[in-house]
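Have a look at the structure below before the remarks.
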Amino acid sequence: MKPEQPAPDQLRAQPFTMEHWGLSLPDVDATAETAHGPLDEGEQRQLVEAHKAVDNARTARWMLGYALEVVRRRRLYRGDGTRTFEQYLDQEHDGMSTSEADRLQKTWRLAQTVQKELGRPLPDSHLHKLRPYAESTSDDEAARAYVALYWAHQNNGVRLVADQVQTKVKEAIAAAHGVADPAARSQAVSSAWTTALMPAPREEATPRSRVEETPSTDPVEAALQALAAARKAIEDAVEDKKARAARSPKTAAEQQNDIRRIGRILAKIKVEGDGTVAAEDDDGLDAEIVDAEIVPNRD
């Protein structure tokens, strides 16, 4: 027996589909012999269409936060009058937690402001690292700061990654330590940000990427130096285009899971000192390692 179909007024509005893009698969795959040199006009158009899919996904992320805020503030979640917001999330958003819904509602304005300023949406990992800056200043100031940092990296041929955003944000906020007046604090944070926009070399992107001339006597520090070298090797490896072309989706998924598993294990390690315990960083290595995304060959 066929399942009962919902009434027309119960159907959800349909999301964007592939028909919204002028992107199509070729009848025959391009090869090194048939596709070489700069992209021609038609290929450029196809690449632009492919980028639309990425930008649409990132834009949809902050639009979800906007939609959740509308539903919550207008109490549209109530349904028959008895449903709670938590029940709405569970039923309509596949069990989304209230903490995730809250985070999306708190960040969508910043994401929208950056997109208007930059002309393209920023990755969700960058948004997460930028949020403390916006909380210390404003969404508009954070958007201008991010765009300046983005173009400083682009103009120097360096790809901006999430841990670099995090490092700059921490440096800027630290400059306003002890400043109580909100206006003065915002000014101090903004001033600190604009004094150091030039990107550091790749191997110096995070404090843990430093290489000392002499081996450290602290075994933890020595292990961290080895870990930094391993991380750079992974980041370089995922950029290998030949390896990417030969990698199957299954292999890519297995490698990505292994990277995430290592990150979760490392994030649980506690470093103890003489009578002290280092504070745990909830923006730990797991999130930073995952930023090196394994891309499979889609063929």
Side-chain angles (χ1 to χ4, degrees), residues 1-21 23 51-144 146 162 165-166 169 182 186 253 256-257 260 263-264 267 280-284 286-287 290-291 293:
M1 185 175 65
K2 296 177 65 176
E4 183 178 351
Q5 297 296 316
D9 60 349
Q10 295 178 319
L11 290 173
R12 294 173 67 135
Q14 296 302 295
F16 291 115
T17 64
M18 291 180 67
E19 285 70 25
H20 288 82
W21 295 294
L23 197 63
H51 288 170
K52 286 182 181 179
V54 176
D55 290 349
N56 181 71
R58 290 175 175 171
T59 301
R61 186 70 176 163
W62 67 255
M63 290 181 68
L64 172 57
Y66 174 81
L68 287 171
E69 184 170 337
V70 170
V71 169
R72 179 182 59 81
R73 293 178 62 183
R74 293 183 179 275
R75 295 183 175 271
L76 302 179
Y77 56 79
R78 67 186 187 277
D80 62 359
T82 63
R83 187 168 65 174
T84 65
F85 186 60
E86 290 77 10
Q87 291 172 330
Y88 164 78
L89 293 175
D90 184 60
Q91 296 171 9
E92 304 291 349
H93 292 280
D94 302 318
M96 177 187 290
S97 66
T98 53
S99 59
E100 172 65 4
D102 184 61
R103 187 182 72 83
L104 289 168
Q105 291 173 76
K106 288 180 177 178
T107 57
W108 74 261
R109 289 179 177 82
L110 174 59
Q112 181 193 52
T113 306
V114 172
Q115 183 165 340
K116 288 180 178 179
E117 189 81 17
L118 184 61
R120 56 177 292 185
L122 78 169
D124 198 52
S125 59
H126 290 206
L127 176 65
H128 176 60
K129 306 300 185 185
L130 186 63
R131 180 180 166 188
Y133 188 98
E135 292 174 346
S136 295
T137 56
S138 67
D139 289 341
D140 288 337
E141 174 58 33
R144 288 192 292 269
Y146 177 84
V165 177
Q166 180 184 36
V169 168
S186 177
Q256 188 74 74
N257 287 336
R260 289 184 173 129
R264 287 192 293 270
E280 295 182 65
D281 187 354
D282 60 358
D283 295 326
D286 183 26
V290 172
D291 198 48
E293 182 179 2

Which pair of non-hydrogen atoms, one from [X] and one from [Y], has the smallest distance, and what is that distance?
X	Y	value
Val169	Lys129	CG2-O, 3.5 Å
Leu130	Val165	N-CG1, 4.2 Å
Leu89	Met96	CB-O, 3.5 Å
Asp139	Ala134	OD1-CB, 3.6 Å
Ala143	Leu110	N-CD1, 4.5 Å

Taking the side chain as every heavy atom from C-beta outward, state whether [X] and [Y] have any atom pair closer than 4.5 Å.
X	Y	answer
Asp140	Arg144	yes
Glu92	Gln87	no
His128	Ser125	no

[X] side, atom [atom1]; [Y] side, atom [atom2] - distance, nearest 0.5 Å:
X	Y	atom1	atom2	result
Leu64	Trp108	CG	CH2	12.5 Å
Thr98	Phe85	OG1	CZ	8.5 Å
Leu104	Leu68	CG	CG	6.0 Å
Leu122	Leu118	CG	CG	8.0 Å
Trp62	Arg109	CH2	CZ	11.0 Å
Asn56	Arg61	CG	CZ	14.0 Å

Exercise for the section: Provide the full list of salt bridge (charged side-chain N to carboxylate O under 4.0 Å, His left out) pairs with a residue in residues 71-82, sequence neighbours left out, each pair given once. Expected result: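 Residue pairs with at least one partner in residues 71-82: Glu69-Arg73.
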
Handout entry: Partner residues of Lys116 under the side chain to side chain contact (heavy atoms under 4.5 Å, CB included) criterion, sequence neighbours left out
Key =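 If we apply the side chain to side chain contact (heavy atoms under 4.5 Å, CB included) test to Lys116, skipping adjacent residues, the hits are Gln112.
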
Handout entry: Any residue meeting side chain to side chain contact (heavy atoms under 4.5 Å, CB included) with Ser97, in chain and number order, not counting sequence neighbours
Key =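 Side chain to side chain contact (heavy atoms under 4.5 Å, CB included) check on Ser97 returns Ser99, Glu100.
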
For [X], give me all partners under side-chain hydrogen bond (donor to acceptor under 3.5 Å, both in side chains), at least two apart in sequence or on another chain.
X	value
Ser186	none
Asp55	none
Glu117	none

Exercise for the section: Please determine, by modelled atom types, if Arg58 and Gln115 share a side-chain donor-acceptor pair under 3.5 angstrom. Expected result: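 No pair is found: no donor N or O on one side chain lies under 3.5 Å from an acceptor on the other.
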
Problem - Verdict with reasoning, His93 to Tyr88, per side chain to side chain contact (heavy atoms under 4.5 Å, CB included) - result: CA-CA 7 Å; His93 292 280; Tyr88 164 78; 3.0 Å; yes

Handout entry: Worked verdict on Asp124 versus Arg103 for salt bridge (Lys or Arg N to Asp or Glu O under 4.0 Å)
Key = CA-CA 11 Å; Asp124 198 52; Arg103 187 182 72 83; 3.5 Å; yes

Handout entry: Main-chain N/O of Thr137 paired with Glu141 side-chain donor or acceptor, under 3.5 Å
Key =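 Pair absent, no side-chain N/O of Glu141 close to backbone of Thr137.
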
Handout entry: NZ/NE/NH1/NH2 to OD/OE distance under 4.0 Å, Lys106 and Asp102
Key =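 Here Lys106 pairs with Asp102 in a salt bridge, since their nearest N and O are under 4.0 Å apart.
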
